[in-house]
Amino acid sequence: MDDSVLQSSRNMESSSSTYTDIDGDHPKAIIHIDIDCFYAQVEMVRNPELRGAPLGIQQKNIVVTSNYEARSFGVKKCMLVSDAMKVCPNMKLVNGEDLHNYRTASNKIFAVLQCWKCPVEKLGMDENFIDVTNLVQEKLKSVNTAGLAVSGHTYSEPSMECPCGCHARLRIASQIASEMRKKIFDDLGYTTCAGIAHNKLLAKLICPLHKPNDQTTIYPEHGTSFMSTLSSVRSIPSIGSKTTETLISHKIITVSDLQEAPLEVLKKIFSSDMAVRLKNLGLGEDNTPVKQTGKPQSIGLEDSFKTVSVKSEVEDKFSALLQRLLVLMREDGRIPVSLRVTLRKRDAKRLSSHRESRQAQISPSIFTLNNGLLTVTDAGQQKLMSIVMRLFNKLIDLSKPFHLTLVGLAFTKFQERMTGRSSIVNYFMNDISVQSVLNLQNDCDTSATSMDYSAVSPSSSTTTDLSDAEVEPSPKKPKKVNWIAKRRCLAKEEVASPSKLKVGELRLNSKELEKVSELRLNSRDRSLTPRASPAKDNLSDASDSMKDIEEGACEDCPSYVDKEVFNALPDEMQQELKAMWKNPAGADKPRSSPRKNKAKTNTIMKYFVPQK
DNA sequence: TAGAGCGAG
DNA sequence: AACACTCGCTCTA
């Protein structure tokens, strides 16, 4: 039985692993949603004339994707245009080299999925994971699930009831998946596929079983047997070309091979953790969480070329990259604290990899917020360039000849985004950077949902708001701080096109203005990347309205600070906060050990924590 | 913590 | 198809 295999593998790893799941316990419910032939659908939504006939999306001389009509003629992904036209002479072609519309569509879909108030993780432009575990639990409380059937296909009927209750949870999740797909179709016009499982791995892999415009649920008991139907280990997400090579060199080629490989053998090839992970993946086990997608953790650009061997040319390349990068930074709105220089030396052996990089802290004073807009003076840009070239000198010995094929520039840390309850700065924020985007474009129309258990349909769960949860009050916290993003009711069209919302928000008041400005600036326009911020392309029309924002009394304050609150603080505390903002590295560790909440003495925390 | 490597789309 | 681009995660020193 599958469980016995799981059992034995778990026992082997349990000694060194922190894995805490109980065997046979499958508490989560994960949905993976994939937009059918994404580019082609975007074009057909834009221009309905294209529907019903074969359509190909062209980039350069290649048909990168096509609609299902074209596929029925044998048009494949990444086919040469000439070959595609041979098998499908009537196919219409649309140029898809400008990704702007695709990004916009992707963000709209992401925004719709946010309506369910569950963690949503974007994977590329056309895939999303949603962890609906909590929503399912709510529904279980309020709904009799006895006669509830699965919505859509089932990979395989369960042989018996799982004692942990996952079958009922997954059935509910399948209903939620149906709702989500329906809303995406009703609001935006896109058909989708979904996979429903108790983990991300199975949800993603089961998703394409019934294509297009359908969904599939798989129960935990079939995880291992389903995985064994995959011919190559390469088809497992997170097993890429390198890992596949290594596995194959040890005669592990199919997923079945991986399942049967003893953990001790894998541990001789890989690190212990990696071996455990691989073994579990092979068996269909995966405990990686769905991570809410928000702002990117680094913003960078790179440029590749045949060869650059002169330092003045290098300087030109970096300068051009920096100019472009500063535009992106302005759109993002956050103040960077660290800068990384990357380059690739010409190497006969390896063409792609072998990048090298150096990074350095940068003084945040290079950047200033003018009327909420991130700006850099000419002197600041020169300063940045000198840092860049200093890092470049670390990488290249200029006394010897060099040949580069790529240079890159990235800002890698930001002042904003001090999340976590430990950060005192949270108490002065009037914007929760990531979640507030969610809140503002949220409030999806509940009447549109088809589910009969209205108590837990999207956005009707008014009891819990993410912003409320995030700023959970602490006993010592100063009362009455005006940080909670206001929630507003929107019509459906406004959800699909949040620009109206943002403009509306601008009419509120000056303090709200700055918050909205950050939301707007959150709207970076980047290419082909995951982690793009939601609902961005729709907001550019709000930018002109940002010109005349008043300057607050605290010139040094970061933009997220409620200046009214700041000015009400004791002078000593104001000074300390200012010092902290001047030297964020010392005060703020955004992503390090969020659990540890050490109240450092001799900081502003002493105002809130009892002293011994 | 920085830097390299792998993986994703 | 192979490569270009951008970003996240993990491992190691």
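Naming: A, B, ... by sequence-line order, numbering from 1 per chain. The shown structure was predicted, so the numbers you read here are calculated from the model rather than taken from an experiment.
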With a 4.0 Å cut-off on heavy atoms, is [X] in touch with a base, just the backbone sugar-phosphate, or nothing at all?
X       : result
R340(A) : nothing
K413(A) : sugar-phosphate
I239(A) : sugar-phosphate
Q359(A) : sugar-phosphate
S241(A) : sugar-phosphate

Between F305(A) and T288(A), which is nearer to the 5' end of DNA chain C once each is assigned its nearest nucleotide? F305(A)

5' precedence on DNA chain C between I62(A) and M274(A) (nearest-nucleotide basis): I62(A)

What integer distance in Å separates [X]:[atom1] from [N]:[atom2]?
X       : N      : atom1 : atom2 : value
D126(A) : dA8(B) : CG    : C1'   : 12 Å
L281(A) : dA8(B) : CG    : C1'   : 15 Å
E356(A) : dG5(B) : CD    : P     : 8 Å
E97(A)  : dC5(C) : CD    : C1'   : 15 Å
Q59(A)  : dG9(B) : CD    : P     : 16 Å
L301(A) : dT6(C) : CG    : C1'   : 9 Å
K394(A) : dA2(B) : NZ    : C1'   : 10 Å
Q297(A) : dA8(B) : CD    : C1'   : 15 Å

Side chains of Y39(A) and D126(A): closer than 4.5 Å at any heavy-atom pair? no

Taking the side chain as every heavy atom from C-beta outward, state whether K345(A) and L343(A) have any atom pair closer than 4.5 Å. yes

Out of [options], which has the shortest distance to the side chain of [X]?
X       : options                 : answer
C78(A)  : dA4(B), dA1(C), dA8(B)  : dA1(C)
D273(A) : dC11(C), dG8(C), dG9(B) : dC11(C)
K242(A) : dT6(C), dC7(C), dG7(B)  : dG7(B)
E302(A) : dT6(C), dA4(C), dA8(B)  : dT6(C)

Please confirm whether the shortest side-chain N or O distance from [X] to OP1 or OP2 of [N] is below 4.0 Å.
X       : N       : result
R358(A) : dA4(B)  : yes
K291(A) : dC9(C)  : yes
K204(A) : dG9(B)  : yes
Q361(A) : dT1(B)  : no
R277(A) : dC11(C) : yes
S304(A) : dC3(C)  : no
K60(A)  : dA2(C)  : no

Residues in side-chain contact (heavy atoms from CB on, under 4.5 Å) with I248(A), at least two apart? T244(A), I253(A)

State which residues pass ring-ring contact (aromatic ring centres under 6.0 Å, His included) with H250(A); sequence neighbours excluded, sorted by chain then number. none

Side-chain donor/acceptor of N107(A) to backbone N/O of R103(A), under 3.5 Å: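 Such a contact is found between N107(A) side chain and R103(A) backbone.
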
Taken to the nearest 0.5 Å, the spacing of L395(A) CG from L391(A) CG works out to 7.5 Å

